[in-house]
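What follows is a set of notes on a single structure, which appears directly below.
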Amino acid sequence: MGNSIQHLAEGVTVVASAKTRIEGKAIQQLQNSFQLPGMRRVVGMPDLHPGLGHPVGAAFFSVGRLYPALIGNDIGCGMSLWRTSLDSHRLSPDKIEKRLGCIDDALGEDWRERIASLGLPETGFESSLGTIGGGNHFAELQQIDTVSCSSTLSTLGIDKKHLLLLVHSGSRGLGQKILREHLDRFQHRGFAEASDECADYLDQHAKALGFAKANRLLIAQRIFENLRCTGAPVIDAEHNFLAPAIIAGTAGWLHRKGAAPADGGPLVIPGSRGDYSYLVEPVPDEASLFSVAHGAGRKWMRGECRDRVSTRSSAQQLLRTSLGSRVVCANKHLLFEEAPEAYKAIESVIESLQDAGLIRLLARMKPVLTYKTGREESR
DNA sequence: ATGTTC
């Protein structure tokens with residue numbers, strides 16, 4: 001126990017076992033982020049990887065100043081888990097794929113009332129609601145493969161017979177607009193806690209969180225409608241967001257970028273589309289800034305995936321995974337960029353968190369079908 | 001990551 005917690009310097013910690021390889025560039029970015037004025041403590045998770053200036057898979061605690069660039073453009077991005085009324089023991093992947101169809105277009109007129117009932121403020125990005133987006137976003141049907149804690153599962157209202165839906169999406173163009181407008185004005189300097197800029201950003205940030213959560217709900221509802229089933233929410237947790245926190249007795253701001261909160265109940269930590277996902281009970285721990293990993297973490301940069309992946313697998317082969325699941329991804333770029341080989345094995349991430357005493361396993365899920373996009377070209 | 005666009 002405890003071998004997975006590495007203190008690199010005063011205030012800079014990485015949670016990763018010896019087996020979990022983390023790129024030097026990501027560590028460098030983490031250390032650079034720690035140098036920001038007011039930054040008190042940073043923690044890299046086992047899925048830490050390089051991002052745009054700042055790393056992904058980390059939590060940052062600052063006092064007196066806030067840094068929107070640390071949250072990134074996809075403010076409010078997160079994972080929501082849903083229980084469907086479909087029986088996982090009697091499923092036909094063919095039928096599911098056919099019924100699901102393409103869910104990339106904006107929701108139609110028949111959704112107007114349901115969207116209005118959510119009471120979202122106007123943002124100008126309404127046409128993105130109910131759509132998954134690109135990058136690492138997905139919707140995945142899963143079934144429970146191994147149960148570690150049946151009592152917690154029953155509290156959550158799920159068991160092996162339920163086909164589950166995991167939705168990973170965020171605030172789409174809205175979060176991007178908020179970050180861009182902020183960076184245009186303040187670059188990477190951030191701002192003081194007691195400032196008009198801060199109040200303005202926090203207001204926009206709250207809108208983006210609401211938009212992203214509504215987006216995951218609408219994606220799920222759309223999928224239930226297409227699959228002709230019903231569904232119920234089990235978990236919804238963001239991994240890109242800002243929250244007030246008290247660390248070591250001092251009030252400040254916790255920035256999470258690709259890090260899930262450990263103080264809000266059970267979480268899903270998903271592997272790549274060809275790997276298992278884990279349902280876990282996080283253990284709140286100040287030393288890890290009340291955070292855990294949000295997924296497997298990239299191993300290969302997007303740009304190098306096409307060459308590296310295509311030497312092993314054809315595009316056709318990538319539509320099926322080694323766990324027997326299928327993949328809906330008509331976009332060739334995404335098909336290669338999001339290949340299971342481009343990600344770390346989820347087991348090493350889970351083992352690192354377990355070894356650090358940060359999670360308790362509840363169940364392991366295996367993918368049935370991962371939906372990315374039905375469109376050939378989204379770029 | 002992204003209503004991006006020569």
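Residue numbers start from 1 in every chain, and the chains themselves are labelled A, B, ... in the order their sequence lines are given, proteins ahead of strands. Treat the numbers as computed from the prediction; the structure is a model and nothing was measured.
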A:E181 atom CD is separated from B:dT2 atom C1', nearest whole Å, by 14 Å
inquiry  = Need one value for A:R180: base, sugar-phosphate or nothing, where a base atom within 4.0 Å counts as base even if backbone is also close, heavy atoms only.
reply    = nothing
When rounded to whole Å, the CZ to P distance for the pair A:R172 and B:dT4 reads 11 Å
A:R216 CZ to B:dA1 C1', in whole Å, measures 14 Å
Exactly one of A:E140, A:R273, A:R326, A:E338 clears side-chain hydrogen bond (donor to acceptor under 3.5 Å, both in side chains) with A:T370, and that residue is A:E140
(request) Would you indicate what A:G258 reaches in the nucleic acid, counting non-hydrogen atoms under 4.0 angstrom: base, sugar-phosphate, or nothing? (result) nothing
Mind checking if A:S127 touches a base, just sugar-phosphate, or nothing, with heavy atoms under 4.0 Å? base
Answer with yes or no whether A:D74 presents, from its side chain, a donor or acceptor under 3.5 Å of a partner atom in the base of B:dA1. no
note: A:F211, atom CZ; B:dT2, atom P; distance rounded to Å ~ 10 Å
Which of A:T373, A:N331, A:T131 passes side-chain hydrogen bond (donor to acceptor under 3.5 Å, both in side chains) with A:D104? It is A:T373
Rounded to whole Å, the CD1-P distance (A:I178 to B:dA1) equals 17 Å
Taken to the nearest whole Å, CG/A:L179 to P/B:dA1 is 14 Å
Using atom types as modelled, flag every donor-acceptor pair under 3.5 Å from a side chain in residues 228-238 of chain A to any protein atom, sequence neighbours excluded.
from, atom 1, to, atom 2, distance (Å)
A:T230, OG1, A:S85, OG, 3.3
A:D236, OD1, A:R216, NH2, 3.0
A:D236, OD2, A:R216, NE, 2.9

Atom pairs and distances, side-chain donor-acceptor, residues 276-297 of chain A, under 3.5 Å, sequence neighbours left out:
from, atom 1, to, atom 2, distance (Å)
A:Y276, OH, A:R364, NH2, 3.3
A:S277, OG, A:Q142, NE2, 3.2
A:Y278, OH, A:E347, OE2, 3.3
A:D285, OD1, A:A287, N, 3.0
A:E286, OE2, A:A248, N, 3.0
A:S288, OG, A:D285, O, 3.1
A:S291, OG, A:R256, NE, 2.8
A:S291, OG, A:L289, O, 2.8
A:H294, ND1, A:D47, OD2, 2.6
A:H294, ND1, A:G258, O, 3.0

Rounded to whole Å, CG of A:L174 lies from C1' of B:dA1 at a distance of 13 Å
Q: Pick base, sugar-phosphate or nothing for A:G133, based on heavy-atom distances below 4.0 Å to the nucleic acid.
A: sugar-phosphate
Taken to the nearest whole Å, CG/A:N136 to P/B:dA1 is 3 Å
